[in-house]
Amino acid sequence: MSNLPPLNGLRAFDVAGRRLSFRAAADEMGVTQGAVAQHVRQLEAHLGTMLFDRLPKGLALTPSGRRYHGRISAAFEELRAATAQIKPEPGKVLISVTPTFAAKWLIPNLPDFAQKHPDIDLRILATERVSSFHSDGIDLAIRQGKPPFGAALDATLLFRQEVIAVAAPTLVKGQALPLDPEILSRLPKIHDSHDLWPKLLAQIGAPDQSKRGLQLSQTALAVDAAVSGQGVALVSRFLVLREIHDAKLIELGHAIANDAQGFYLLSPRNMASKGAVKEAIDWLTSETGKQR
């Protein structure tokens, strides 16, 4: 009979030990928080010792848990390295982006990438959560924020943050542009998770007088809602260049002052020189440079 603990318990312990949170470990593993907690409890029962102290705001490794975690995490790293060595995928690049960036910029530009790099399998992980280069196996990530992002990462600015107000032409038909702040205040607003309307209205000195609005979880959905004439959306300019060019949206002449945030391409410093990853980085920086 094997003395090895269950693999699910070891995996849950490895991730929870790095994150010191069952909730964060569940997000990384793609399972429920209860499942992670149960796997850890079963592992502790198998070992006959407590690995974590359960605290009001997270977890802390016990002395035994700390020693055990050091060896278990090393074992998982060795497994990952052995797997990568025996099953190399030199032409694969996995990039983590937000669903909005994927839908409104990356996917529309992919035909150009495929034409220029037919030998590279570019895979997209579209998620709102911050992916882990280590545990998720991603090669590149595009995220909005302010540097620094960490000493182990290279960060390249792709787009500066420039949030503009846009609407379908039919919504503001006959109105002069830039749109009068009083008129803008009365139009229906489309809100996304960033909720930037209070900032813009305060900036132009016009309280919100709209009688209805639409609440959406993602900016990509806000763009689609604006195209269909459901209200005014606040979005980064580069995300709607295609819709503006095709006259599906028009810029209303109001923008939020740059707050120094931007969209950055992130990559581990030890990976940027690899062939397929390097080619993907070069293409991304070249294409975004054309559209700034």
Side-chain angles (χ1 to χ4, degrees), residues 14-15 18-19 24-25 27-30 73-74 76-162 218-220 236 238-239 258-292:
D14 174 42
V15 179
R18 281 191 284 106
R19 296 299 190 93
D27 289 341
E28 180 173 322
M29 296 175 67
S73 61
F76 273 108
E77 182 58 37
E78 181 61 25
L79 285 172
R80 281 188 285 267
T83 302
Q85 185 175 14
I86 200 170
K87 188 182 178 181
E89 296 182 273
K92 176 185 74 70
V93 178
L94 178 60
I95 181 169
S96 172
V97 298
T98 63
T100 291
F101 192 96
K104 296 303 176 183
W105 192 88
L106 185 54
I107 290 174
N109 284 283
L110 278 184
D112 180 79
F113 180 84
Q115 182 181 14
K116 293 177 178 175
H117 302 285
D119 56 330
I120 297 179
D121 178 14
L122 185 65
R123 302 180 185 181
I124 301 171
L125 175 63
T127 175
E128 294 289 359
R129 71 181 181 87
V130 178
S131 301
S132 167
F133 287 95
H134 175 72
S135 60
D136 294 329
I138 63 172
D139 302 301
L140 301 171
I142 296 175
R143 283 294 181 267
Q144 182 180 354
K146 300 178 183 179
F149 294 96
L153 297 177
D154 284 326
T156 303
L157 178 66
L158 298 181
F159 293 105
R160 295 192 183 279
Q161 173 77 311
E162 185 184 6
Q218 294 180 0
T219 304
S236 293
F238 79 92
L239 292 173
N258 194 316
D259 61 359
Q261 286 209 0
F263 290 80
Y264 285 83
L265 173 63
L266 307 179
S267 61
R269 288 186 174 172
N270 64 336
M271 293 188 66
S273 61
K274 294 184 179 179
V277 174
K278 175 78 164 53
E279 291 183 55
I281 291 174
D282 290 344
W283 176 80
L284 284 163
T285 54
S286 174
E287 287 303 304
T288 56
K290 296 174 185 177
Q291 300 177 26
R292 287 178 196 161

Review point. Has the side chain of S236 got a donor or acceptor atom that lies under 3.5 Å from a matching backbone atom of L239?
Key: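 No, the answer is negative, given that no donor and acceptor are paired below the 3.5 Å cut-off.
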Practice item. Not counting sequence neighbours, which residues clear ring pair (Phe, Tyr, Trp, His ring centres under 6.0 Å) with F113? List them please. Key: H117, W283
Practice item. Applying ring pair (Phe, Tyr, Trp, His ring centres under 6.0 Å), name anything that partners F149, two or more places apart in sequence or on another chain. Key: Y264
So how far is it from [X] [atom1] to [Y] [atom2], rounded to the nearest 0.5 Å?
X: E28; Y: D14; atom1: CD; atom2: CG; answer: 8.0 Å
X: Q161; Y: K146; atom1: CD; atom2: NZ; answer: 10.5 Å
X: K92; Y: L122; atom1: NZ; atom2: CG; answer: 10.0 Å
X: D121; Y: L94; atom1: CG; atom2: CG; answer: 9.5 Å

Point to revise | Residue of the set L265, I142, T288 for which side chain to side chain contact (heavy atoms under 4.5 Å, CB included) holds with F159 | key: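 The option that passes is T288.
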Practice item. Using side chain to side chain contact (heavy atoms under 4.5 Å, CB included) as the criterion, point out the one residue from I281, D139, L106 that pairs with I95. Key: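 For I95, the side chain to side chain contact (heavy atoms under 4.5 Å, CB included) check succeeds only for L106.
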Review point. How would you list, by chain and number, every residue that makes a side chain to side chain donor-acceptor pair (under 3.5 Å) with Q144, sequence neighbours excluded?
Key: Q261
Review point. Under the side chain to side chain donor-acceptor pair (under 3.5 Å) test, which residues partner D282, sequence neighbours left out?
Key: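 Applying side chain to side chain donor-acceptor pair (under 3.5 Å) to D282 gives K278.
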Review point. Residues in salt bridge (charged side-chain N to carboxylate O under 4.0 Å, His left out) with R143, at least two apart?
Key: none
Review point. Who passes salt bridge (charged side-chain N to carboxylate O under 4.0 Å, His left out) against D27, sequence neighbours left out?
Key: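 Checked D27 against salt bridge (charged side-chain N to carboxylate O under 4.0 Å, His left out); zero matches.
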Looking only at heavy atoms, what is the nearest atom pair of [X] and [Y], with distance?
X: A102; Y: A126; answer: CB-CB, 4.2 Å
X: P99; Y: E128; answer: CD-OE2, 3.6 Å
X: L284; Y: L158; answer: O-CD2, 4.2 Å
X: S96; Y: I138; answer: CB-CD1, 3.8 Å
X: P111; Y: P108; answer: CD-O, 3.5 Å
X: L157; Y: G262; answer: CD1-CA, 4.2 Å

Review point. For Q115, does the CD atom have more than 12 heavy-atom neighbours from other residues, nucleotides or ligands under 6.0 Å away?
Key: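 12 or below, so no.
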Review point. Quick one: does T219's side chain get under 4.5 Å of T98's, heavy atoms only?
Key: no
